[in-house]
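For the numbers below, each heavy atom of this structure counts, side chains included, while hydrogens, waters and symmetry mates do not. Note that the structure is predicted; figures quoted are calculated from it, not measured. One-based numbering along the sequence shown.
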Amino acid sequence: MPTSEDPNDDLQYHLEVGPEDVADAVLLPGNPERVDKITALWDDSREVASHREYRTATGTYEGAQISVTSTGIGSPSAAIALEELARVGADTFIRVGSCGAIQEDMDVGDLVITSGAVRQEGTSDEYVREDYPAVADQEVVSALVAAAERLGYDYHVGTTMSADSFYAGQGRPGVDGFRAAGSEALVEELREANVKNIEMEASAILTLANIYGLRAGAVCAVYANRITGEFRTEGESRAAETASLAVKLLEKMDTVKREHGADRWHAELSLD
């Protein structure tokens with residue numbers, strides 16, 4: 001079946017997925033290579049589409065239906081992924097990525113669960129006024145925390161900053177030592193405001209999900225600590241496993257909500 005720019009057509013223009021291809025809950029890594037690493041943790045999976053930076057697979061994790069779609073780097077392509085996945089019926093999104101930590105007590109390999117994000121990317125500005133908050137869904141945050149606790153992984157919960165560039169926008173020098181205005185003070189200003197980490201997609205994903213009434217959150221592995229200078233590509237599988245288990249816990253939460261006639265998950269409900 002041919003694809004089209006018409007969002008009402010069965011297959012989406014960029015992702016090449018249709019309504020039967022994806023589960024309600026979708027993990028959103030940036031790197032297409034992470035798709036295989038994520039699905040290796042599942043009970044079963046099948047690739048349903050691959051086009052440009054977008055690879056999509058669907059399967060089960062501990063019996064829960066789950067999908068994964070890579071978004072590529074940055075908020076513009078992440079927004080396209082969320083738009084098209086939502087159009088074919090997905091309603092829960094968890095970014096699974098890597099990040100740079102900017103607090104001294106955060107070790108490489110730790111997880112950062114985003115509760116909200118500083119919108120230092122331009123994509124979400126094209127959807128809504130700049131003072132609209134980028135807030136993670138409380139149920140998704142709760143599920144990610146519960147998953148990290150069950151798995152015994154070290155984690156931090158807090159505010160993320162999402163940038164539009166890896167170099168200047170994150171306070172790094174460009175070619176020949178070029179420095180963007182304000183970049184030398186950026187990390188310290190964010191650190192003093194208790195921002196936990198920097199990455200490139202979370203705030204757009206959270207903003208769009210809130211606009212559309214969908215659930216979204218983010219969990220990232222710390223690859224670098226910008227304060228201590230430590231760097232290793234560590235924690236990727238922990239983030240993937242935490243996000244996958246969170247989808248299973250969200251499924252349980254939704255079941256309990258229905259049993260109790262509750263609209264939202266709250267502290268008096270139990271997963272036991």
A.B. asks: Can Lys248 and Glu62 be said to form a salt bridge (Lys or Arg N to Asp or Glu O under 4.0 Å), step by step?
C.D. replies: CA-CA 7 Å; Lys248 173 62 178 180; Glu62 294 191 5; 5.7 Å; no
A.B. asks: Between Thr69 and Thr56 (side chain of the first, backbone of the second, donor and acceptor by atom type, cut-off under 3.5 Å), is there such a pair?
C.D. replies: no
A.B. asks: Sequence neighbours left out, what passes salt bridge (charged side-chain N to carboxylate O under 4.0 Å, His left out) with Glu104? Give chain and number order.
C.D. replies: none
A.B. asks: Got a second to check how far Leu111's CG is from Ser98's OG, nearest 0.5 Å?
C.D. replies: 12.0 Å
A.B. asks: Is the shortest side-chain N to carboxylate O distance from Arg264 to Asp137 below 4.0 Å?
C.D. replies: yes
A.B. asks: Any chance you could measure Arg191, atom CZ, to Lys196, atom NZ, to the nearest 0.5 Å?
C.D. replies: 11.0 Å
A.B. asks: For Leu41, is the CG atom crowded, meaning more than 12 foreign heavy atoms sit under 6.0 Å from it?
C.D. replies: yes
A.B. asks: Give me the atom names and distance for the closest heavy-atom approach of Ala180 to Ala168.
C.D. replies: CB-CB, 3.9 Å
A.B. asks: Please confirm whether the backbone N or O of Thr228 pairs with a side-chain atom of Asn225, one donor and one acceptor, at under 3.5 Å?
C.D. replies: yes
A.B. asks: Using modelled atom types and a 3.5 Å cut-off, is there a donor and acceptor pairing between side-chain atoms of His260 and backbone atoms of Ala262?
C.D. replies: no
A.B. asks: Would you confirm whether Asn210, through its side chain, and Thr207, through its main-chain N or O, come within 3.5 Å as a donor-acceptor pair?
C.D. replies: no
A.B. asks: Could you tell me which residues satisfy side chain to side chain contact (heavy atoms under 4.5 Å, CB included) with Glu236, sequence neighbours excluded, listed by chain and number?
C.D. replies: Arg34, Lys37, Tyr223
A.B. asks: Can you check whether His266 reaches Gln138 side chain to side chain, under 4.5 Å on heavy atoms?
C.D. replies: no
A.B. asks: Looking at Thr242 and Ala147, would you say the former's side chain and the latter's main chain have a donor-acceptor pair under 3.5 Å?
C.D. replies: no
A.B. asks: So Glu126 and Thr123, side-chain hydrogen bond (donor to acceptor under 3.5 Å, both in side chains) or not? Walk me through it.
C.D. replies: CA-CA 6 Å; Glu126 297 188 350; Thr123 301; over 6 Å; no
A.B. asks: Compile the donor-acceptor pairs under 3.5 Å between side chains in residues 20-29 and protein atoms, sequence neighbours left out, one pair per line.
C.D. replies:
from, atom 1, to, atom 2, distance (Å)
Asp21, OD2, Gly18, N, 2.7

A.B. asks: Would you tell me whether Ser75 and Glu201 have side-chain atoms, one donor and one acceptor, within less than 3.5 Å of each other?
C.D. replies: no
A.B. asks: Going by the salt bridge (Lys or Arg N to Asp or Glu O under 4.0 Å) test, which pairs reach into residues 147-158, not counting sequence neighbours?
C.D. replies: none
A.B. asks: For Ala239, is there any backbone N or O sitting under 3.5 Å from a side-chain donor or acceptor partner on Tyr153?
C.D. replies: no
A.B. asks: Can you tell if the side chain of Val128 reaches within under 4.5 Å of the side chain of Ile211, non-hydrogen atoms only?
C.D. replies: yes
A.B. asks: Could you check whether atom CG of Asp176 has more than 12 heavy atoms from other residues, nucleotides or ligands sitting under 6.0 Å from it?
C.D. replies: no
A.B. asks: Could you report the tightest heavy-atom contact between Val247 and Gln65, atom names first, then the distance?
C.D. replies: CG1-O, 3.9 Å
A.B. asks: Verify side-chain hydrogen bond (donor to acceptor under 3.5 Å, both in side chains) between Glu121 and Ser162, making sure each step is shown before the conclusion.
C.D. replies: CA-CA 6 Å; Glu121 40 76 25; Ser162 298; 5.9 Å; no
A.B. asks: I'd like to know whether Arg258 forms a salt bridge (Lys or Arg N to Asp or Glu O under 4.0 Å) with Asp263, so could you lay out the CA-CA distance, the side-chain angles of the two residues, the decisive distance to 0.1 Å, and finally the verdict.
C.D. replies: CA-CA 8 Å; Arg258 288 192 296 270; Asp263 292 329; over 6 Å; no
A.B. asks: Between Arg232 and Glu230, does at least one N-O distance fall below 4.0 Å, as a salt bridge requires?
C.D. replies: yes
A.B. asks: For Asp125, check side chain to side chain contact (heavy atoms under 4.5 Å, CB included) against everything at least two apart and list the hits.
C.D. replies: Arg119, Glu130
A.B. asks: Between Val96 and Ala243, what is the shortest heavy-atom contact and its length?
C.D. replies: CG2-CB, 3.5 Å
A.B. asks: Tell me yes or no: between the side chains of Trp42 and Ser244, is some donor less than 3.5 Å from an acceptor?
C.D. replies: yes
A.B. asks: So, are Arg238 and Glu241 salt-bridged, with charged N and O less than 4.0 Å apart?
C.D. replies: no
A.B. asks: Looking only at heavy atoms, what is the nearest atom pair of Ala136 and Gly217, with distance?
C.D. replies: CB-CA, 4.2 Å
A.B. asks: For the residue pair Tyr167 and Pro173, what are the closest heavy atoms and their distance?
C.D. replies: CD2-O, 4.0 Å
A.B. asks: Ignoring hydrogens and angles, tell me if any N or O in the side chain of Glu84 forms a donor-acceptor pair with the backbone of His14 under 3.5 Å.
C.D. replies: yes
A.B. asks: Look up atom OG1 in Thr71 and atom CD in Glu53, then write down how far apart they are to the nearest 0.5 Å.
C.D. replies: 7.5 Å
A.B. asks: Got a second to check how far Arg52's CZ is from Ser70's OG, nearest 0.5 Å?
C.D. replies: 13.0 Å
A.B. asks: Find out whether Met200 and Phe166 are in side-chain contact, i.e. whether some heavy atom of one side chain is under 4.5 Å from a heavy atom of the other.
C.D. replies: yes
A.B. asks: Using the salt bridge (charged side-chain N to carboxylate O under 4.0 Å, His left out) criterion, which residues pair with Glu83? Sequence neighbours excluded.
C.D. replies: Arg87
A.B. asks: Does Arg55 come within less than 4.0 Å of Glu33, counting only side-chain N to carboxylate O?
C.D. replies: no
A.B. asks: Looking at Val195, Leu190, Val118, Thr114, which one forms a side chain to side chain contact (heavy atoms under 4.5 Å, CB included) with Thr160?
C.D. replies: Thr114
A.B. asks: Distance check, rounded to the nearest 0.5 Å: Tyr61 atom OH versus Ser67 atom OG?
C.D. replies: 15.5 Å
A.B. asks: If I compare all heavy atoms of Asn197 with all of Ile102, which pair ends up nearest, and what's the gap?
C.D. replies: N-CG1, 4.1 Å
